[in-house]
Enquirer: 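Can you read through this structure? Questions will come right after.
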Amino acid sequence: MLGENSLAIHGGKPVRETSLPYGRQWIDNDDIQEVVNVLKSDFLTTGPIITKFEKGLAEYVNAKYAVAFSSGTAALHGACFAAGIKEGDEVITTPITFAASANSILYQGASPVFADIDENTYNIDPNRIKSLITNQTKAIIPVDFTGQPANLDEINSFARENNLIVIEDAAHALGAVYKNKKIGSISDMTMFSLHPVKNITSGEGGVITTNNKEYYEKLLDFRSHGITRNLSKLKNNHGPWYYEMQFLGYNYRLTDFQAALGFSQLQKIDEFIEKRQKYVEIYNEAFSKVSQIEMPFQSSECQSSWHLYVIKLKAELLNGTRKAVFEALQKENIGVNVHYIPVYYHPYYQGLGYKKGICPKAESLYENIITIPLFPAMSMKDVKDVIFAVNKVISHFSK
Ligand SMILES: *Cc1c(COP(=O)(O)O)cnc(C)c1O
């Protein structure tokens, strides 16, 4: 039904004059000062602040070790290397993720195998994982989608029984809690991303946390060309200048000034999540009255870090398609997005031979989801604008 205020889509006034992004970083003056301090110091890269940041992050998630990388993607690559994933191996992951989760498997010459999702949580379905295991299966990469932890107990115990390694993609989930445990020490290795849209940022950056010393040492060498100076590991020793490259690594180092930003942001993570949580409650309250929308899953035993707020449209109650609703929200100047296009839909993956139809629940989810703005720097007015715009658009398209 069309009310007095015609929709922006029909040339009316949009709900907002300026556009609201779906996510945005929060940088304070003290964050900036920490970066400036490093720029004036002796070390611009791999200095004392990298170690300080790694220690701080490991402590925050209750893991023994943390290794910082130049991006979350580089960190995932490192984890796949440390896990010994190689050509001929299969690694099971979810299609509802950013391409990087699966790309990291390809970097090691192995094959991603996509397991369908659970239709309530949108996370990888442990039963689907079990049905896809073969003699080639080496590892599982579950993703804590939107910050909602995957079914980690079931995935990790299944992995232990079958000698598989679990690399948790927690790009969305810094600060999330799974059954009273912080995400970051539950799986063999856990990856966090520090991209500006994520819950804290270092510009670009990523971290692997682990309790396993062997993985830790491999990760350190992998991010710096496969070179070691560790005396106990050297095969030869020509003198005090000596170092050895023992395998093919990369330059995946984070700079010290990025680590300074990351460390400063880490002090604010709980505050950021509280703000996200507050807005989520307001969204939930508003959208519980909108029968055409399915709200995100909320677990009673886990605490999401609320990286994203994804609404699912009930197509049977709407006249418009997801595309029409999406475009109408854009015209209201609401920054919307879709997380995610199933990874194997991408032409590159299609070229590798993945067929549409392999994960029907993920594909059906993809048809109906829209991510609406959620970030700590939003104002209450921003939140109200989003709710007003969603109500306006949904009532326009409702049957
Ligand atoms: C952001 C993201 C990554 C990659 O992290 P970068 O730091 O951008 O390289 C991987 N997986 C998921 C689910 C992500 O959202």
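These numbers were taken from a predicted model, which means no experiment stands behind them. Whatever order the structure lists them in is the order used to number ligands and atoms, beginning at 1.
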Enquirer: Would you kindly say whether Q298 and N284 are connected by a side-chain donor-acceptor distance under 3.5 Å?
Expert: yes
Enquirer: Looking only at heavy atoms of A74, does any of them come nearer than 4.0 Å to an atom of ligand 1?
Expert: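 False for this residue.
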Enquirer: Under a 3.5 Å cutoff, is there a donor and acceptor pairing between the side chains of E168 and S187?
Expert: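 There is such a pair (donor and acceptor under 3.5 Å, judged by atom type) between the side chains of E168 and S187.
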Enquirer: Taking N or O atoms only and a 3.5 Å limit, does G72 qualify as a polar contact for ligand 1?
Expert: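 Between G72 and ligand 1 (N or O atoms, distance only) the closest approach is under 3.5 Å.
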Enquirer: Which bit of T73 is near ligand 1, meaning a heavy atom under 4.0 Å away: side chain, backbone, both or neither?
Expert: both
Enquirer: Can a donor-acceptor pair be found between the side chains of S131 and R128 at a distance below 3.5 Å?
Expert: yes
Enquirer: Show the atoms of ligand 1 that are less than 4.0 angstrom away from any heavy atom in G205.
Expert: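 The atoms of ligand 1 under 4.0 Å from a heavy atom of G205 are 7 (O).
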Enquirer: Kindly say whether the aromatic ring centers of H225 and Y243 come within a distance under 6.0 Å.
Expert: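 Centroid separation for H225 and Y243: 6.0 Å or greater.
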Enquirer: Side chain, backbone, both or neither: which part of Y340 has a heavy atom under 4.0 Å from ligand 1?
Expert: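 Looking at Y340 and ligand 1, just side chain atoms fall under 4.0 Å.
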Enquirer: Go through the side-chain N and O atoms of R276 and S305 and say whether any donor and acceptor fall under 3.5 Å apart.
Expert: no
Enquirer: Which protein heavy atom lies closest to atom 15 (O) of ligand 1, and at what distance to 0.1 Å?
Expert: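 The closest heavy atom on the protein side is H172 NE2, 2.8 Å.
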Enquirer: Kindly say whether the aromatic ring centers of Y340 and Y366 come within a distance under 6.0 Å.
Expert: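 Here the rings of Y366 and Y340 have centres that are no less than 6.0 Å from each other.
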Enquirer: Mind checking whether K198 has a heavy atom under 4.0 Å from ligand 1?
Expert: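 Heavy atoms of K198 do come under 4.0 Å of ligand 1.
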Enquirer: Please confirm whether S101 approaches ligand 1 to less than 4.0 Å, judged on its heavy atoms.
Expert: yes
Enquirer: Do you see a donor-acceptor pair shorter than 3.5 Å between the side chains of Y65 and E217?
Expert: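 There is no such pair between these side chains.
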Enquirer: List the closest protein heavy-atom neighbour of atom 13 (C) of ligand 1: residue, atom name, distance to the nearest 0.1 Å.
Expert: T97 OG1, 3.4 Å
Enquirer: Between N37 and Q33, is there a side-chain donor-acceptor contact under 3.5 Å, judged purely by atom types and distance?
Expert: yes
Enquirer: Please list the nearest protein heavy atom to atom 5 (O) of ligand 1 with its residue and the distance rounded to 0.1 Å.
Expert: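 That would be S193 OG, 3.3 Å.
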Enquirer: Please work out, at 4.0 Å between heavy atoms, whether the side chain, the backbone, both, or neither of M191 comes within that distance of ligand 1.
Expert: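 M191 to ligand 1: side-chain contact only, backbone stays beyond 4.0 Å.
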Enquirer: What atoms in ligand 1 come closer than 4.0 Å to a heavy atom of S71?
Expert: 7 (O), 9 (O)
Enquirer: Under the criterion salt bridge (charged side-chain N to carboxylate O under 4.0 Å, His left out), which of K13, K392, R16 is the partner of E332?
Expert: K392
Enquirer: For atom 11 (N) of ligand 1, what's the nearest protein heavy-atom neighbour? Residue, atom name and distance, please.
Expert: D169 OD2, 2.7 Å
